[in-house]
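What you see below is based on every heavy atom in this structure, not just the backbone, and it leaves out hydrogens, waters and symmetry mates. Because the structure is predicted, anything quoted here is derived from the model rather than measured. Counting starts at 1 for both ligands and their atoms, in listed order.
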Amino acid sequence: MRLAKRIEKLPPYLFVEISRKIAEKRAKGEEVISFGIGDPDFPTPSHIIERLCLAAQDPANHRYPETAGLPKLRQAITGWYKKRFGVSLDADKEVLPLIGAKEGIVHIALCFIDPHDIALVPDPAYPPYTLGTILACGRPYYMPLIEENGFLPDLNAIPAGVLKQARLLWINYPNNPTGAVASIDFFNRVVKLARQHNLAVCHDGPYTEAAFDGYQPVSFMQADGAKEVGVEFHSLSKIYNMTGWRIGMVVGNADMVDALKRVKSNMDSGIPQAIQYAGIEALTGPQESIQEQNAKYQKRRDLVVDMLNRIGVEARSPKAGLYVWAKVPGGYTSVDFADDLLEQVGVVVTPGIGYGKSGEGYVRLSLTISDADLVKGLSRLAEWHDRKAGLEQRSKLT
Ligand SMILES: *Cc1c(COP(=O)(O)O)cnc(C)c1O
């Protein structure tokens, strides 16, 4: 048998190799502390679980759900967007619940990418933007996110020939992995570019609620004319610690939402209804847990950034998101540095190259690590530094 080319074209998954090394260490009885995974360690708030349990008892929820989701869930989503961002959405035409944002992110490529069409994809980025493009037999064109530009893509640097063949434009703020944020002014410029070149914009915004120091991230939907050119993917995963329940949404341009609904109605049968009820409870119930959680993440962020800078690993304090993007010290590639930390002190960080070529020179540390592990991990980073300093000292003496 022969695999389809689209499968062969999928890039090798760097993280498989890291997982193998971690498993090897653990098998030897060594304790590994991981800053690698972006998955909230806090539990789903209890009122949401209680609603889920209640809904699970109702036989009506044991049957096939609909792709479009319960009208009440779509209304809960429009209510949340109105309250949080002041954005009005039509619950029937401009909202579609998803089996997690990732599902919609990959499938929307099938709606807009014909073979050889281009999708504009940030580099570094969350891998599914590229993977969806490749599965649709399209080509990603990478827009470098560099520090000098605040990790925003330089929209003026995209060649005219590329823009002509481009159908989709991907952006993601607060950004994973760089921790950068975008202003409404940037989103307005994206809308302008999309209008000029007939691009469909996909903004991925699952981290709008994870913000620090009083900062409030904006939604792409708040940009002037955003609804004419694009959609926003969002998710309950990071806001309510529901990564395992699989529930997210896409909102915005009615034609784009409808196209995705057409693909999905032929592929899946929607989100299990009990989980939809849990989602309604999450979006409409008490929201205090978000602020409490952010206070905890903020403390972790400060501890991580302080330690990194103390050991000579340059890192800026992110205003939002769940990641610290740190510069690899001189003489290492991102993979070498991650390997060295794992080998020397059993600490896992993610090499930036795993998110794209422009991620080289950086590593990502996730703040979704328990406080106990965080403290342990940080003291190991200090130990790594002391050992290295000791070695350098000794090599100078000899
Ligand atoms: C976590 C994350 C998502 C959300 O994924 P779900 O499928 O909803 O769990 C989407 N985009 C980015 C950039 C993420 O980091």
message: Please list the nearest protein heavy atom to atom 5 (O) of ligand 1 with its residue and the distance rounded to 0.1 Å.
response: Tyr126 OH, 3.7 Å

message: Using a 4.0 Å cutoff against the non-hydrogen atoms of Gly100, which atoms of ligand 1 qualify?
response: 7 (O), 8 (O)

- request: Would you check whether Ser235 reaches within less than 4.0 Å of ligand 1, judged by its heavy atoms?
  value: yes

message: Within the 4.0 Å heavy-atom shell around Lys102, which atoms of ligand 1 are there?
response: 6 (P), 7 (O)

- prompt: Does ligand 1 have a heavy atom under 4.0 Å from the side chain of Ser237, from its backbone, from both, or from neither?
  reply: side chain

field: Result of checking Tyr142, Phe112, Phe233, Phe220 against Trp170 for ring-ring contact (aromatic ring centres under 6.0 Å, His included)
entry: Phe233

statement: Per-atom filter on ligand 1: closer than 4.0 angstrom to a heavy atom of Pro206 are 2 (C), 3 (C), 10 (C), 11 (N), 12 (C), 14 (C)

message: Can you name the atoms of ligand 1, numbered from 1 with element, that are less than 4.0 Å from a heavy atom of Arg246?
response: 6 (P), 7 (O), 9 (O)

- request: Consider every N or O of Ala101 and every N or O of ligand 1, then say whether any pair is closer than 3.5 Å.
  value: yes

Protein heavy atom at shortest distance from atom 15 (O) of ligand 1: Tyr207 OH, 2.6 Å

task: Could you please spell out the steps behind the side-chain contact (heavy atoms from CB on, under 4.5 Å) verdict for Trp384 and Asp340?
output: CA-CA 9 Å; Trp384 171 85; Asp340 201 46; 2.9 Å; yes

Residues clustered with Val263, ILVMFWY side-chain links under 4.5 angstrom: Leu110, Met267

task: Report the hydrophobic cluster partners of Leu131, with the cluster defined as I, L, V, M, F, W, Y residues connected by side-chain heavy atoms closer than 4.5 angstrom, directly or transitively.
output: Leu10, Val106, Ile134, Leu135

task: Run the numbers for me: atoms of ligand 1, each under 4.0 Å from some heavy atom of Lys238, listed by number.
output: 1 (C), 2 (C), 3 (C), 4 (C), 14 (C), 15 (O)

message: With nothing but distance in play, are any N or O atoms of Asn176 less than 3.5 Å from an N or O of ligand 1?
response: yes

statement: The salt bridge (Lys or Arg N to Asp or Glu O under 4.0 Å) partner of Asp213 among Lys319, Arg301, Lys299 is Arg301

query: Hey, are the side chains of Val257 and Lys93 touching, using non-hydrogen atoms and a 4.5 Å cut-off?
result: no

message: Does any part of the side chain of Val95, heavy atoms only, come nearer than 4.5 Å to the side chain of Tyr81, both counted from C-beta?
response: no

message: Quiz question: by atom type and distance under 3.5 Å, do the side chains of Lys238 and Thr243 form a donor-acceptor pair?
response: no

- prompt: So, Tyr355 versus Tyr362, ring centres under 6.0 angstrom or not?
  reply: no

message: Quick check on contacts: which atoms of ligand 1 are under 4.0 angstrom from a heavy atom of Tyr129?
response: 13 (C)

message: For atom 12 (C) of ligand 1, what's the nearest protein heavy-atom neighbour? Residue, atom name and distance, please.
response: Asp204 OD2, 3.3 Å

message: Less than 4.0 Å is my threshold; does some heavy atom of Phe233 fall inside it relative to ligand 1?
response: no

